[in-house]
Every structure is written in structure tokens, then in C-alpha cells.
Amino acid sequence: MELDRQSELNALRPDLLRFARLQLRDAGAAEDAVQETLLAALTGSHRFESRSSYKTWLISILRNKIIDIIRSQSREVSATSLADDEAGDELLHESLFDRRGHWKETARPGRWADPEASFEQQQFWRVFEACLDHLPEKTARVFMMREFLGFETGEICKETGISASNCWVVLHRARMGLRTCLEDSWFAGAKA
Amino acid sequence: MLSCEQATELMSQEQDRPLSLAERAGLRLHVWICTGCSNYRRQMAVLRAACRRFGSGGTP
């Protein structure tokens, strides 16, 4: 049976918009990307049997729109804005590591119980989005280019104007921030 | 011997570039004796799996 695509689109629109906003951090650009995606979706003639396969298809269109926007903006990630991101990062590191660079007793990473079960819960993804949103803007942008849009680090350097080693530092910072946020806000509560 | 801080850097970088032989050896040794970092490495794998899922629209 074919889905009622118009009503599915309406239902999925908020998801698409959140996805675009997280990555573009610009409400206007996110709105444009979603509009274009909806337009492409309505003129397409694919058939879908479930909402989830339809959503996967829509997200793949949206991802390409976001990539186009990022490429066309060619926003330089300036050294100063990265330095702003760094201030918070130092605080995080101080809270996690002692002076010799070892985990503080209270900060040592624990075992995350059954992540696959978490992936099935909508609430987990709300927390995941909130943690992403919590990352400093430039850090988040580089991280999402790498992890959601599938850019290689070389391409990220080109699009953002930062060096490869800087890119690795930023990605490390993002992963550290994100896993700490997920541990504190989700997995710590789920621990046995 | 790597510190945990250095080990976490390598555990991030191994997702973005091939590590050198010496880096791999140092990291393997560290993770073997350090529970915190061994958990951290698993968390990195979960993070990547979560990102794959989120980025492809496979969330509920």
C-alpha cells in the first residue's frame, strides 16, 4: 500500500527541520534546505511502503541540500572563533583529567549499557540532539560535516580553511564533549 | 607511556586517519591496562554508530 505522501511529509517536516537547523545553525538556510527537499520529494515518483523508508529517503535528499549550502557558503572558520570554542574545551579537560593527564576518579568513563536499546528510544535522540546543540558552533559544524555528511578531513580543511591537524583537534574536542554529555545526561542514569 | 588524555586524542584520530605503527602499539598497550580508556574506546564506537544512524534518518 502506498503512503499518503502529503500527510507523511507534514508529519516528518519537523524532523527534517531540526536535522537541518542542527547542522546549518541558521534558521533561514535550514528552512530553504527543507523547502527544496519537500519540493524534490513531491515531484519524485518513488513509492514507499513505510514511514521509516520514506524518512531515510528524505534525509538523504536533505543531506545533499545541506552539502550544497555548505559548499556554496564556503564559510571560513576563523582562528578567533575556534579560539572561542577552545576556552570551554579547557574547562572540560580540567574537569576530566588530572595534571598528569589521567582520568580523575569521578570522570573515568563507564560502560554504556545496551546502546542499541537506547537507539530505539525517541527520548535518547532528543538528548543526542540537545548534546549536539550544546557543542560550540564551529566545533559542531566540523563534526557534523565529518559524521553526518561524510566529508573526509581533507575536504573539511578545504571548505573551512583550517589545517588537517586543527581539524583533528576540533573533531576530538567534539567527540569528547558529546560523549561526556551523553554519559552525564543519558547513560549514567541507565547504568545498572 | 601514553597518558589517558593522549590516548583519547589517538582514539579520536584513529577515526579520521590511519595511525602510525608506533601510535597503534602505544594505544593498544594503554587501552589494555586502562579500564577508563577501554570504555572510552567503546563509547567512540557507539558515538559513530549513533551518528551513522542519525545522519541517515534511521532514528525512530
With only heavy atoms counted, which part of [X] is less than 4.5 Å from chain B, the side chain, the backbone, both or neither?
X: A:Leu182; result: side chain
X: A:Phe119; result: both
X: A:Thr56; result: both
X: A:Leu22; result: side chain

Nearest 0.5 Å please: distance from the [atom1] atom of [X] over to the [atom2] atom of [Y].
X: A:Thr180; Y: B:Tyr40; atom1: OG1; atom2: OH; result: 6.5 Å
X: B:Thr35; Y: A:Arg108; atom1: OG1; atom2: CZ; result: 6.5 Å
X: A:Arg179; Y: B:Leu47; atom1: CZ; atom2: CG; result: 9.5 Å

Checked B:Cys37, B:Gly58, B:Cys34 vs chain A; the most non-hydrogen pairs under 4.5 Å come from B:Cys37

Answer yes when B:Arg53 and A:Glu116 have at least one side-chain N-carboxylate O distance shorter than 4.0 Å, and no when they do not.
yes

Would you mind checking if B:Arg17 and A:Glu152 are paired as a salt bridge, meaning a charged N to carboxylate O distance below 4.0 Å?
no

Is it the case that more than 12 heavy atoms not belonging to A:His93 sit under 6.0 Å from its NE2 atom?
yes

Would you call [X] and [Y] a side-chain contact if the rule is heavy atoms closer than 4.5 Å?
X: B:Gln43; Y: A:Arg175; value: no
X: A:Phe143; Y: B:Cys51; value: yes
X: B:Glu5; Y: A:Trp103; value: no
X: B:Thr59; Y: A:Asp15; value: no
X: A:Arg173; Y: B:Ser12; value: no

Spell out, yes or no, whether [X] and [Y] are grouped together once hydrophobic residues are joined by side-chain heavy atoms under 4.5 Å, including indirect joins.
X: A:Leu42; Y: A:Leu17; value: yes
X: A:Phe151; Y: A:Trp168; value: no
X: A:Leu92; Y: A:Val142; value: yes
X: B:Met1; Y: B:Trp32; value: yes
X: B:Leu10; Y: A:Val169; value: no

Name the option with the most non-hydrogen atom pairs under 4.5 Å to chain B; the candidates are [options].
options: A:Met144, A:Gln122, A:Arg63, A:Arg146; result: A:Arg146
options: A:Leu171, A:Thr153, A:Asp98, A:Leu58; result: A:Leu171
options: A:Arg100, A:Gln23, A:His102; result: A:His102
options: A:Glu129, A:Met176, A:Gln121; result: A:Met176

Indicate the atoms forming the closest heavy-atom contact of B:Ala50 with A:Phe128, along with that distance.
CB-CE1, 3.9 Å

Where A:Gly101 and B:Ser3 come nearest, the two heavy atoms and their spacing:
O-CB, 3.6 Å

With a 4.5 angstrom heavy-atom cut-off, is it the side chain or the backbone of [X] that approaches chain A, or both, or neither?
X: B:Gln6; answer: neither
X: B:Ala7; answer: neither
X: B:Met44; answer: side chain

Give a yes or no on whether the backbone of A:Pro109 and the side-chain of B:Asn39 come within a donor-acceptor separation of less than 3.5 Å.
yes

Kindly assign one of parallel, tilted or perpendicular to the pair B:Phe54 and A:Phe148, based on the angle between their ring planes and the thresholds 30° and 60°.
tilted

